[in-house]
Amino acid sequence: MKKFFVIGNPISHSLSPELHNFWIKKNKINAVYDKIKLEESELKDFINKLRNEEIHGINVTVPFKNKVIKYLDKLSLEVETTGSVNTIYKSGNDIIGHNTDVAGFELGLRHSKINVLHKSILILGAGGVVPSIIYSLLSMGCKKIFLSNRTIEKAENIKKKFNEIEVLKWRKIPDFDIVINATSVGLKGDGLDLDFNTKNKVFYDVIYNPKETLFLKKAKENGNRIENGKLMFVYQANQSFSIWNNVIPKIDEEVLKILE
Ligand code: ATR
């Protein structure tokens, strides 16, 4: 039986096992997917279990997305650029690190028919997922990316990877088509202390639980289009699954319900 894991710390909140085990069953694959909380000191030994095929694939979440890199043999271009790994597998004798958050973000937007080509985008926050979102937006041909974070140094660090973005002071709102909340504000029912006063724009929140953060709720009341990060999450899982199992699992209403 193949064994897959998502590793992180904390990890109890992760819904990846529900999704993957659903697809494992649907596709009649002899496998199981579990979550496991690790300490940083345990990463090396855990990843090495892929070498003798004691385990077959690992998803990586906070706070290990960059900490695993030094234990891997080869990295995809997405990982080289973002410094972030969410999917690990063995190919030949090599342990490979890949980042399916990049494809997950793009496929989620395409599923929702949100077009970013030639659009100006404001990203709020500078946490672990932001480089993946920027990589994805640039590859889809957006016109301009503004990045704003409460702690400006973190945004400036991201600019070192992507020189074409423009860092703005916190609370400075430029003219934009799409704004993305990639901060953790909203997870606990809290709201960002920002005033947008826009309508007919797209407001996207990476958070999908709660389904509608205050950021999205206010935006909808003002007449903007809103979208949460649920599809990004589902598509990054879908892409990891297809790498490990050579099957592209179906995304339908039944799957989306798992995350409600
Ligand atoms: P991750 O775990 O994804 O790496 P993180 O590093 O915890 O995320 O980052 C969370 C993001 O939410 C950061 O951009 C953080 O801003 P700071 O870099 O200034 O800490 C942002 N954030 C958290 N609480 C916030 C608040 N009350 N107002 C504005 N931004 C906030």
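We count ligands from 1, going down the list as the structure has it; atoms in each ligand are counted the same way.
Contact residues of ligand 1 (protein heavy atom closer than 4.0 angstrom to a ligand atom; sorted by chain and number): Val62, Gly125, Ala126, Gly127, Gly128, Asn149, Arg150, Thr151, Lys154, Trp170, Thr183, Ser184, Val185.
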Verdict with supporting geometry, Tyr71 and Phe64, ring pair (Phe, Tyr, Trp, His ring centres under 6.0 Å): CA-CA 12 Å; Tyr71 307 118; Phe64 300 136; over 10 Å; no
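Considering Thr82, Val102, Ile123 as possible partners of Ile134, the one that fulfils the side-chain contact (heavy atoms from CB on, under 4.5 Å) test is Ile123.
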Using residues 2-18 as the side-chain source, report each donor-acceptor pair under 3.5 Å to any protein atom, sequence neighbours left out, with the distance given to one decimal.
{"from": "Lys2", "atom 1": "NZ", "to": "Trp244", "atom 2": "O", "distance (Å)": "3.4"}
{"from": "Asn9", "atom 1": "ND2", "to": "Leu38", "atom 2": "O", "distance (Å)": "3.0"}
{"from": "Ser14", "atom 1": "OG", "to": "Ser16", "atom 2": "N", "distance (Å)": "3.2"}

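Side-chain N or O atoms of Asn228 include one that pairs as donor or acceptor with a backbone N or O of Lys211 at under 3.5 Å. The main-chain N or O of Glu54 is found under 3.5 Å from a side-chain atom of Asn52 such that the two form a donor-acceptor pair.
The side-chain tip of Lys144 points at the ring of Phe146 from less than 6.0 angstrom away and within 45° of straight on.
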